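Because the structure is a prediction, the values reported are computed rather than measured. Sequence lines set the chain letters: A, B, ... in the order given, protein chains first and strands last, and positions in each chain run from 1.
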2 protein chains.
Amino acid sequence: MKLSTKGKYALYTMVYLGQKAGDGPQSLKGITQNILLPENYIEQLLGSLRRAGLVKTVRGAQGGYELAKSAEEITVGDIFDATEGKLSLSDCIADDAVPCPKSSSCPTRGVWEYLTASINKLFNSISLKDMLENNMKEI
Amino acid sequence: MKLSTKGKYALYTMVYLGQKAGDGPQSLKGITQNILLPENYIEQLLGSLRRAGLVKTVRGAQGGYELAKSAEEITVGDIFDATEGKLSLSDCIADDAVPCPKSSSCPTRGVWEYLTASINKLFNSISLKDMLENNMKEI
DNA sequence: GTAATCCCGATTGATTTTGTCGGGTTTAGG
DNA sequence: CCTAAACCCGACAAAATCAATCGGGATTAC
């Protein structure tokens with residue numbers, strides 16, 4: 001079980017924007033020169049983050065990206081959802097899943113639901129602020 | 001973020017073997033006719049489960065697969081580890097990772113460690129017995 | 001007007017996933 | 001001993017996904 005690089009890169013990007021919060025919009029070029037990741041790829045991720053309402057953009061010259069809300073209001077779960085798509089351990093409980101014919105009797109269904117809920121709760125319990133302050137130990 | 005079908009199929013298979021515990025070895029053909037998954041593919045997964053010490057096999061005619069230990073002693077984490085490989089949200093903290101040059105200052109490192117530990121704990125907290133008895137609610 | 005910058009869809013190469021296949025080995029039962 | 005049932009295993013292949021790359025369009029500060 002792995003996370004794709006999207007979630008990982010998006011987290012790096014958001015941490016960087018968090019560090020620069022209040023300093024005005026950060027250009028894509030500036031961001032990627034700092035976090036050392038492919039410019040065009042990060043651009044795509046920033047698009048997802050924008051559409052999810054996590055960053056806002058200023059277009060045109062001197063434009064760039066910045067956090068759309070405070071670091072307390074953004075969670076790891078928000079960032080993963082925006083870039084990796086909703087957590088889905090088993091299709092049978094995904095939002096758009098066709099109902100499985102044996103769903104009522106399936107002995108693993110409860111497990112998927114429980115695991116999905118637990119992991120989502122975990123992801124949503126960590127804010128960008130926690131990361132910036134390196135608060136992981138006490139959570 | 002998704003689990004591959006390996007972990008999912010392996011869970012189905014193990015639940016089936018748990019239901020048949022005590023009834024002697026179950027043939028691959030019998031297993032897959034019940035859980036309705038591709039025979040040759042499940043065979044591969046059973047190989048991984050065997051090498052991980054979760055199932056044991058009886059070779060030759062009338063042979064088959066059965067749990068190698070009691071359902072209490074097998075966890076979801078064991079099954080996922082055996083079939084999907086160790087949980088790895090970020091390479092930088094994997095066992096075989098080359099140490100990242102900026103590891104000490106990386107603000108996301110703590111997050112990966114915390115998330116990985118939490119999810120592993122979650123996976124290890126659910127036994128095959130819990131699944132068989134549908135005990136998820138109370139965990 | 002122009003350069004800086006974001007926006008976005010299409011395409012591509014690499015990798016991983018999800019199987020399939022063929023033959024080898026083991027063993028119960030007659 | 002023979003045979004059929006069954007596991008074992010490595011190689012192969014199709015499909016899907018990932019990780020970018022690219023080219024051009026739209027917006028705006030100066």
Considering only heavy atoms from C-beta outward, does the side chain of Thr13(B) approach that of Ile42(B) to under 4.5 Å?
-> yes
Ile42(A) CD1 - dC7(C) P separation (whole Å) | 15 Å
To the nearest angstrom, how far is Gln33(B) atom CD from dA6(D) atom P?
-> 10 Å
Round to a whole Å and report the spacing from NZ of Lys29(B) to P of dA5(D).
-> 8 Å
Residue-phosphate contact under 4.0 Å: Arg50(B) side-chain N/O, dC9(D) OP1/OP2 = yes
In whole angstrom, give the distance that lies between atom CG of Leu36(A) and atom P of dA19(D).
-> 18 Å
What nucleic acid atoms does Gly47(B) come within less than 4.0 Å of, heavy atoms only: base, sugar-phosphate, or nothing?
-> nothing
Would you say the side chain of Gln19(A) lies within less than 4.5 Å of the side chain of Pro107(B), judging by non-hydrogen atoms?
-> yes
Tyr9(A): partners by ring-ring contact (aromatic ring centres under 6.0 Å, His included), with sequence neighbours left out = Tyr41(A)
Answer with yes or no whether the hydrophobic clustering places Leu132(B) together with Tyr114(A); edges join I, L, V, M, F, W, Y residues whose side-chain heavy atoms lie under 4.5 Å apart.
-> yes
Crowding at NZ, Lys69(B) (>12 non-hydrogen neighbours, <6.0 Å) | yes
Using the salt bridge (charged side-chain N to carboxylate O under 4.0 Å, His left out) rule, collect all pairs that involve residues 7-16 of chain A, keeping only residues at least two apart or in two chains.
-> Lys8(A)-Asp91(B)
Quick one: are Leu87(A) and Phe80(A) in side-chain contact, heavy atoms under 4.5 Å?
-> no
Tell me: CD of Glu66(B) to P of dA6(D), nearest whole Å?
-> 14 Å
Within this structure, what is the CD-to-P distance between Glu84(A) and dT17(D), rounded to whole angstrom?
-> 14 Å
With the sugar-phosphate defined as primed atoms, P, OP1 and OP2, and the base as all remaining atoms, what B/S/- string results for nucleotides 17-30 of chain C, 5' to 3', for protein heavy atoms under 4.0 Å?
-> -BBBB--BBBBS--
Hey, can you pull the donor-acceptor pairs under 3.5 Å for the side chains in residues 22-30 of chain A, sequence neighbours left out?
unit_1: Gln26(A); atom_1: NE2; unit_2: Gly24(A); atom_2: O; d: 3.1
unit_1: Ser27(A); atom_1: OG; unit_2: Gly30(A); atom_2: N; d: 3.0

Which residues satisfy the salt bridge (Lys or Arg N to Asp or Glu O under 4.0 Å) test with Glu113(B), sequence neighbours excluded?
-> Arg109(B)
Positions of residues 11-28 of chain B (non-hydrogen atom under 4.0 Å from DNA chain D), listed by number | Gln26(B), Ser27(B), Leu28(B)
